[in-house]
Colleague: 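Sharing a structure below in structure tokens format, with a few things to ask.
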Amino acid sequence: MPELPEVETVRRGLQPVLEGARIVRVEARRPDLRFPFPVKFAQRLTGKTITALGRRAKYLTMHMDGGPVLICHLGMSGSFRIETADDSETPGAFHHERSKDAKHDHVVFHVSSQAGARSRVIFNDPRRFGFMLLLKADEHAKHKSLTRLGPEPLDEAFDARALATALARRKTSLKTALADQRVVGGLGNIYVVEALHRARLSPKRRASTLVTSSGGPRPAVYELVDAIGDVLKEAIARQRRTGKGNPFRVYDHEGEPCPTRGCRGTIRRIIQAGRSTYYCPVCQR
DNA sequence: ACTACTCCCTGCCAGC
DNA sequence: TGCTGGCAGGGAGTAG
């Protein structure tokens, strides 16, 4: 369930191998993931040099010389792994991680660094909720998958005023609103749940109740902005330190004591918009 | 415009 | 032990 922190971790992991590298060959091993691969997908990428690896919300963006941009979404179960030629053992051979689900290796990027080192960057996705788009430079900024996204939660532009504007007049729950990528880009079920707990806000609360009648942020919006930033930054830092996922405070902790200091509540699980929400009915208001 | 619901797909796990 | 059914969730599509 890659959300913003996981996608950012993937980006940082791929960056040293991909930035500045040339794509020697691309294998798409099936006709589609969630959607059919773009027409002439492999052909259009072959020979290109990757100038930058970016991220927007939960999307990875791979920028090529000459303008094309490969947009990649990891869906629910997508991941990349890197296999590097290790000449100290068998010349030209590749080190293989033990991967019993090689049947879900759907795309292989064969790349060559500026120094000539060869690597394979392999996209694996058992559930195939992931997808790739290959856009021309002029299409990239206009494509609906990116233009509909709300602000980056770690950007300065994401402040109480911006969030209040996005939440104003929304009749849906706070939980559902925050998971909507048009409100803020990159939060998913887990980090919404964690941020709401940290901000002590009820996931069931109507989103518009955080906004004054004139459209300005109530104090809770400031706390929510801080909580979202803290949760995401801590997750990214922890993944960098430990290489692992995060121990969540409330997600998947139904029936356990609320971790808020001094709170004697118990974490409950409810379903909102078809997805599990975990929260403390005592301290989240 | 807004909201709510379904579907896609596979791996995993509880229950029988 | 093996089978079944339910659940997990991001985003697109659709109905109201």
Side-chain angles (χ1 to χ4, degrees), chain A residues 1-11 28-38 55-61 71-80 98-107 123-133 135 143-150 152-153 164-196 203-211 215 228 231-232 235 245-246 248 250-255 267-279:
Chain A
M1 41 221 95
E3 302 181 26
L4 187 151
E6 290 74 31
V7 179
E8 179 61 20
T9 298
V10 168
R11 190 191 71 79
R29 295 182 168 173
R30 48 173 299 126
D32 54 30
L33 294 169
R34 178 170 177 179
F35 306 118
F37 280 104
R55 180 190 57 74
R56 175 75 172 96
K58 300 174 195 172
Y59 294 85
L60 279 172
T61 59
I71 311 274
C72 178
H73 197 291
L74 302 178
M76 280 295 304
S77 58
S79 64
F80 282 97
R98 268 172 51 78
S99 53
K100 49 188 169 219
D101 59 350
K103 62 177 172 176
H104 299 303
D105 289 349
H106 302 310
V107 186
F123 180 72
N124 181 287
D125 186 5
R127 290 167 77 171
R128 304 203 303 274
F129 275 29
F131 58 90
M132 294 189 187
L133 306 170
L135 306 175
H143 197 273
K144 62 179 187 224
S145 66
L146 297 182
T147 56
R148 291 177 186 175
L149 293 171
E152 279 293 310
T165 302
L167 295 178
R169 291 181 304 280
R170 295 207 62 145
K171 295 179 173 61
T172 194
S173 70
L174 193 49
K175 154 74 187 295
T176 303
L178 290 177
D180 186 332
Q181 301 302 294
R182 294 168 299 184
V183 171
V184 50
L187 296 179
N189 199 47
I190 294 172
Y191 289 103
V192 168
V193 161
E194 294 293 318
L196 285 174
K204 297 197 281 191
R205 191 165 160 173
R206 195 175 157 97
S208 59
T209 65
L210 268 67
V211 182
I228 289 169
V231 165
L232 296 177
N246 297 286
F248 302 116
V250 289
Y251 182 82
D252 208 17
H253 287 279
E254 183 182 18
I267 301 305
R268 283 192 55 192
R269 172 178 176 268
I270 59 172
I271 302 295
Q272 292 181 290
R275 303 224 150 84
S276 291
T277 297
Y278 299 83
Y279 77 110

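In the text below, chain A, chain B and the rest are named by the order of the sequence lines, each starting its count at 1. What you see below is based on every heavy atom in this structure, not just the backbone, and it leaves out hydrogens, waters and symmetry mates.
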Colleague: Counting any heavy atom closer than 4.0 Å, what does A:S276 reach on the DNA or RNA strands: base, sugar-phosphate only, or nothing?
Modeller: sugar-phosphate
Colleague: Could you state the atom-to-atom distance from CZ of A:R56 to P of C:dG11 in whole Å?
Modeller: 12 Å
Colleague: Establish, with yes or no, whether the OP1 or OP2 oxygen of B:dA1 is under 4.0 angstrom from a side-chain nitrogen or oxygen of A:K171.
Modeller: no
Colleague: To check you understand the geometry: which heavy-atom pair defines the closest contact between A:V183 and A:A166, and what is its length?
Modeller: CG1-CB, 3.9 Å
Colleague: Base, sugar-phosphate, or nothing for A:R170, non-hydrogen atoms under 4.0 angstrom?
Modeller: sugar-phosphate
Colleague: Want to settle it: does A:I271 or A:L187 sit nearer the 5' end of DNA chain C, counting the closest nucleotide to each?
Modeller: A:I271
Colleague: Please determine if a side-chain N or O atom of A:Q181 lies less than 4.0 Å away from the OP1 or OP2 oxygen of C:dG11.
Modeller: yes
Colleague: What is the separation between atom OH on A:Y278 and atom P on C:dA8, rounded to the nearest whole Å?
Modeller: 6 Å
Colleague: How close or far is atom C1' of B:dT10 from atom CG of A:N124, stated in whole angstroms?
Modeller: 12 Å
Colleague: Between A:R275 and A:T172, which residue's closest nucleotide on DNA chain B lies nearer the 5′ terminus?
Modeller: A:T172
Colleague: Less than 4.0 Å between a side-chain N and a carboxylate O, is that true for A:K58 and A:E3?
Modeller: no
Colleague: Strictly by modelled atom types, are A:K204 and A:Y279 linked by a side-chain donor-acceptor pair under 3.5 Å?
Modeller: yes
Colleague: Given B:dT10, B:dG11, C:dG11, which nucleotide is nearest the side-chain atoms of A:K103?
Modeller: B:dG11
Colleague: The side chain of A:F131 lies closest to which of these nucleotides: C:dG10, B:dC9, C:dA12?
Modeller: C:dA12
Colleague: By nearest heavy atom, map A:K144 and A:P2 onto DNA chain C; which one lands nearer the 5' end?
Modeller: A:P2
Colleague: Can you measure A:R182 atom CZ to B:dT3 atom P for me and round it to whole angstrom units?
Modeller: 8 Å
Colleague: Quick one: A:R169 CZ to B:dC2 C1', roughly how many Å, whole number?
Modeller: 12 Å
Colleague: How close do A:D125 and A:F129 get, heavy atom to heavy atom, and via which atoms?
Modeller: OD2-N, 3.4 Å
Colleague: Can you find a side chain N or O atom of A:H104 that sits less than 4.0 Å from OP1 or OP2 on B:dG11?
Modeller: yes
Colleague: Once you round it to whole Å, what is the distance between P of B:dC8 and NE2 of A:H106?
Modeller: 17 Å
Colleague: Could you check which of B:dT10, B:dT3, C:dG10 has an atom nearest any side-chain atom of A:P126?
Modeller: B:dT10
Colleague: So if I take every side-chain heavy atom of A:R128 and compare against B:dC9, C:dA8, C:dG11, which nucleotide ends up nearest?
Modeller: B:dC9
Colleague: So, is A:H73 near the phosphate of C:dG10, with a side-chain N or O under 4.0 Å from OP1 or OP2?
Modeller: no
Colleague: Would you classify A:R269 as touching base, sugar-phosphate or nothing, given that sugar-phosphate means primed atoms plus P, OP1 and OP2, and contacts are heavy atoms under 4.0 Å?
Modeller: sugar-phosphate
Colleague: C:dC7 C1' sits how many Å from A:F129 CZ, rounded?
Modeller: 12 Å
Colleague: So that I know where these two stand, are A:F131 and A:H73 an aromatic pair - ring centroids less than 6.0 Å apart?
Modeller: yes
Colleague: Compare every heavy atom of A:G215 with every heavy atom of A:A164, then report the nearest pair and how far apart it is.
Modeller: CB-O, 4.0 Å
Colleague: Would you mind telling me which of B:dG11, B:dC9, C:dA12 lies closest to the side-chain atoms of A:S145?
Modeller: C:dA12
Colleague: What is the distance, rounded to the nearest whole Å, between atom CZ of A:R34 and atom P of B:dC9?
Modeller: 10 Å
